[in-house]
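Heads up, the thing below is written out as structure tokens.
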Amino acid sequence: MKFPLARTHRLHELRPSHCGQRVTLMGWVNRVRDLGKLVFIDLRDRWGLTQLAFTTDVLVTPLAEVLAVRDEWVLAVQGEVAARPQEMLNHKLPTGEIEVQVTQWQVLSTAEVLPFPIAEGANITASDSTRSTYRYLDLRRSPVKDSILQRVKLVRAIRNALEAHDFLDIETPLLYKSTPEGAREFIVPSRIQPQHFYALPQSPQLFKQLLMVAGFDRYYQIVKCFRDEDLRADRQPEFTQVDCELSFVDQEQVLTIIEQVVQLALQEFNPDYEPRPFARMTYAEAMDNYGSDKPDMRYGLKLQQVDTEIFAGCGFQVLEDVVPADGEAIYAIKATNCGDKFSRRDFEQLQEVVRTAGGAGLLWIKVQQTLDDASAWQSPLKKYLDAARVQNLTKLLSLQLGDVVFLSVGERQRTRLALGALRVHLAERLQLCDDQQQCWLWVTDFPLFVRDREGKLGAAHHPFTRPHADDVQYFGSAPDKIRACAHDLVLNGVEIGGGSLRIHEPELQRQVFAALQLSAQEIDRKFGFLLRALRYGTPPHGGIAIGLDRLAMLLSGNSSIRDVIAFPKTHQGTCLMTAAPTTLPAEVLRDYHIKVD
RNA sequence: GGGGGCGUAGUUAAGUUUUGGUUAUAACGCCGGCCUGUCACGCCGGAGGCCGCGGGUUCGAGUCCCGUCGUCCCCGCCA
């Protein structure tokens, strides 16, 4: 039975008002319900479901042929929209008040038995590897499909917001030059230039700066970036950034304009979103109060430094031995009224959390029975806490009965980071995070440099980041003190974006390269093109790159960025569907001048 | 580079220790039959297994040991 293949409606839109209309529908078989002389098929497309009814009363073909139809076949049907009897309405379905009584139909495509159920409402999910192998089927499933659709909506909203603010979408090359300063790169051999290699960009950083030199004030690009590093739940070898750059701006303007763009995009993405100014915090404040450069502001559990005087002479070695002059400190986190939620074994687990995060160890105090007498408390410290110390601690931390105090001791930065990790762990454990809440935060004034384990200076962000004008004086004497005009955008404890003002003076840029101990030849070979460009009239400029995958992940309520990428890689960087990467035949490698053992 | 979890019908899991032992269990799916108001339809019947792979211990291994592969999570790494 053949009829013209032109859909009259999508599968979410038929209503009682369409009753009596002759319609042509197409889609996948979501489910077949065979009642003998009556067969129902739910037909599905990306918009929704519509129930088809097949009966001998109106069907012009044998009903037996319908019984051969299986899940996920692709059908085209013609029929009449009919109201369902009052007691047969399905209120779970937007189209649940009607059905289509099929007169003729055709099979557009059959499907083999599926590796996992796809139908709406199917509650068994296959393993990640099975789903990845059949990603195109997984994408038909509602939660997965919805996440991708949310991402599509987000991208559209971001693009609209950027366009509304006069940003220009300009593409930059993917075949780029190797600049092995930061992450490891993906390398692309050149066939035409023997033994020469392109690299795939870790970000379009230098090209967007060159676009500013070129005069394209307000550039953006929603662009793939590549890093050949090990993967995580929130890290893929190729990922997408919303890359932005503006000219003739100071840092305040960058933050203001980007914040406006993000707010505008969020409002289009979710009309219920109520814009509130993003919080601001310096890196120093973030580290000191939260032990993190990307604090989750949805809950408290702030870090508090404890004066070493309180424990002087207490008899407990670990606390007595702290030497502030050597950069050591005691930090505490108070968890309010949750003593009953922690057993001795729980504390041991938490100790492990702190150690994994690089902390030296963890001490705890369960404040119970009385506020005045530590002998009633539960703590490895209790016999070292005399009345005066109890009083000091109670006052410092405003202790109440039922509170739990966590203490960690050691080198300042390590200890803060370890307690920062504990803070995140505690919040999850005590369920302090409201999934509906969005806490946006700008973190500013990062250090310009960080030292690696050998003490060698490296760029904290990247070497094109502008140093704070007040701190340039420290270049020769104390480079660790130099703050950068850098900013990170944080949402609920996740780094969503990072950016900075850039250096637009060749001499200052040279100074930074020199501080990073690049020789004059290296500077010239790697970044000569940049220094040359900066000499030809470069406006002050700055920008940001926003991690689209992570943002889409958070806004769609997922916990892995794989959920918002149509075809993600596995944890090992492979593709189970296509089996990439592969080896290559010797003759191909020869063309590319590559020898393999 | 290091640590950990998992791997059993098409799929998801139970069984793996304390205890190695007859025919490896269930649900969903699949196949066949019945049913004109279902919508996770129902009822009856059936098929389906290299227990990831290789080696070892043992009379005997899904179960114990060694190795290996795959996948997930974490640390390192991610200027």
Side-chain angles (χ1 to χ4, degrees), chain A residues 30-43 49-57 59 63 67-68 70-72 82 84-93 95-96 99 101 112-134 137 179-185 202-203 205-206 225-237 239 352-353 355-358 421 446 448-450 452-453 456-465 484 486 495 498 500 512-513 516 518 526-527 547 559-560 562 569-574 576 579:
Chain A
N30 190 65
R31 216 184 277 276
V32 182
R33 288 182 296 278
D34 167 17
L35 277 67
K37 300 242 161 21
L38 169 65
V39 179
F40 293 109
I41 290 178
D42 291 333
L43 205 60
L49 288 178
T50 298
Q51 174 166 282
L52 311 175
F54 296 76
T55 63
T56 44
D57 305 346
L59 191 62
L63 191 63
L67 298 179
R70 292 293 176 266
D71 286 353
E72 298 306 312
R84 299 195 195 182
Q86 193 60 39
E87 61 277 18
M88 304 303 164
L89 304 181
N90 183 347
H91 299 291
K92 285 187 262 177
L93 223 52
T95 59
E99 64 192 11
Q101 294 179 337
E112 292 184 10
V113 173
L114 299 156
F116 49 82
I118 287 165
E120 301 284 330
N123 52 7
I124 293 179
T125 31
S127 70
D128 286 329
S129 56
T130 310
R131 291 170 53 193
S132 301
T133 308
Y134 298 92
L137 295 181
T179 51
E181 295 305 300
R184 276 171 286 205
E185 300 166 315
Q202 302 167 37
S203 97
Q205 180 60 36
L206 292 181
C225 300
F226 305 86
R227 287 178 194 171
D228 191 3
E229 296 290 348
D230 285 6
L231 276 50
R232 290 284 191 284
D234 63 351
R235 247 195 264 161
Q236 283 271 302
F239 57 100
E352 201 46 47
V353 170
R355 290 218 184 94
T356 304
F446 283 81
L448 187 65
F449 300 115
V450 289
D452 64 14
R453 249 170 279 158
K456 188 173 172 273
L457 224 50
H461 187 41
H462 55 57
F464 321 108
T465 305
E495 183 192 327
S500 65
V512 170
F513 285 145
L516 294 169
L518 290 174
K526 290 179 179 167
F527 303 113
S559 55
S560 169
R562 278 191 291 264
K569 302 279 191 291
T570 69
H571 205 254
Q572 309 298 321
T574 63
L576 292 176

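Order of the sequence lines fixes the chain letters, A, B, ..., with proteins taken first and strands second; residue numbering starts at 1 for each chain.
Checking B:C6 for Watson-Crick or G-U wobble geometry (two distances, each under 3.5 Å) identifies B:G70 as its partner. If you check B:U17 for Watson-Crick or wobble pairing at under 3.5 angstrom, you find it has no partner at all.
Residue A:Arg33 places none of its side-chain N or O atoms closer than 4.0 Å to OP1 or OP2 of B:U38. Taking only side-chain nitrogens and oxygens, A:Ser132 never comes nearer than 4.0 Å to OP1 or OP2 of B:C72. For A:Arg70, a side-chain nitrogen or oxygen approaches OP1 or OP2 of B:C31 to under 4.0 Å. A:Lys37 has no side-chain polar atom (N or O) that falls below the 4.0 Å cut-off from OP1 or OP2 of B:C34.
The side chain of A:Val113 lies closest to B:C30 when the candidates are B:C30, B:A79, B:U12. With B:C39, B:A79, B:G10 as the choices, the nucleotide that has an atom nearest any side-chain atom of A:Arg84 turns out to be B:C39. Listed nucleotides B:G37, B:U11, B:A79 differ in distance to A:Gln202; the shortest reach to its side chain belongs to B:A79.
Judged as a side-chain contact (heavy atoms from CB on, under 4.5 Å), and not counting sequence neighbours, the contacts of A:Thr570 are A:Gln572, A:Thr574, A:Leu576. For A:Gln51, the side-chain contact (heavy atoms from CB on, under 4.5 Å) criterion is met by A:Arg33, A:Phe40, A:Asp42, A:Arg84, A:Glu99, not counting sequence neighbours. Partners of A:Ser132 by side chain to side chain donor-acceptor pair (under 3.5 Å), not counting sequence neighbours: none found. Listed by chain and residue number, nothing satisfies the side chain to side chain donor-acceptor pair (under 3.5 Å) test with A:Asp71 (two or more places apart in sequence, or in another chain). Take A:Arg184 and apply the side-chain contact (heavy atoms from CB on, under 4.5 Å) test, not counting sequence neighbours, and it matches A:Asp228, A:Glu229. By the side chain to side chain donor-acceptor pair (under 3.5 Å) test, A:Gln101 is found to be paired with no residue, residues two or more places apart in sequence or in another chain being considered. Considering only residues two or more places apart in sequence or on other chains, A:Thr95 meets the side chain to side chain donor-acceptor pair (under 3.5 Å) condition with none of them.
A:Leu576 comes within 4.0 angstrom of the backbone, heavy atoms only, and of no base. As judged by a 4.0 angstrom heavy-atom cut-off over every strand, A:Thr465 is placed among residues making no nucleic acid contact. A:Thr574 comes within 4.0 angstrom of sugar-phosphate atoms only, judged by non-hydrogen atoms across all strands, and of no base. When heavy atoms are screened at a 4.0 angstrom cut-off, A:Thr570 is found touching the sugar-phosphate backbone but no base atom. Residue-level contact check: A:Gln236 touches neither bases nor backbone, having no heavy atom under 4.0 Å from any strand.
Here the separation of B:A61 from B:G20, taken at their C1' atoms, is 6 Å to the nearest Å. For the P atoms, the distance linking B:C28 with B:C43 amounts to 9 Å, nearest Å.
For A:Asp34 and B:C44, the CG to P distance is 16 Å, given to the nearest whole Å. The interatomic distance linking A:Gln51 (CD) with B:C41 (P) rounds to 11 Å, in whole Å.
Of the two residues contacting RNA chain B, namely A:Asp71 and A:Gln101, the nearest-nucleotide position lying further toward the 5' end is that of A:Asp71.
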Taking N or O atoms only and anything under 3.5 Å, show me the protein contacts with nucleotides 73-76 of chain B, one pair per line.
unit_1 : atom_1 : unit_2   : atom_2 : d
B:C73  : OP1    : A:Arg562 : NH2    : 2.6
B:C73  : OP2    : A:Arg562 : NH2    : 3.0
B:C74  : OP2    : A:Ala233 : N      : 3.4
B:C75  : OP2    : A:Arg232 : NE     : 3.0
B:G76  : O3'    : A:Arg453 : NH2    : 3.2
B:G76  : N7     : A:Arg232 : NH2    : 2.9
B:G76  : O6     : A:Arg232 : NH1    : 3.1
B:G76  : O6     : A:Arg232 : NH2    : 3.4
B:G76  : N1     : A:Asp230 : OD2    : 3.0

Pairs under 3.5 angstrom, nitrogen or oxygen only, protein versus nucleotides 3-8 of chain B, please.
none

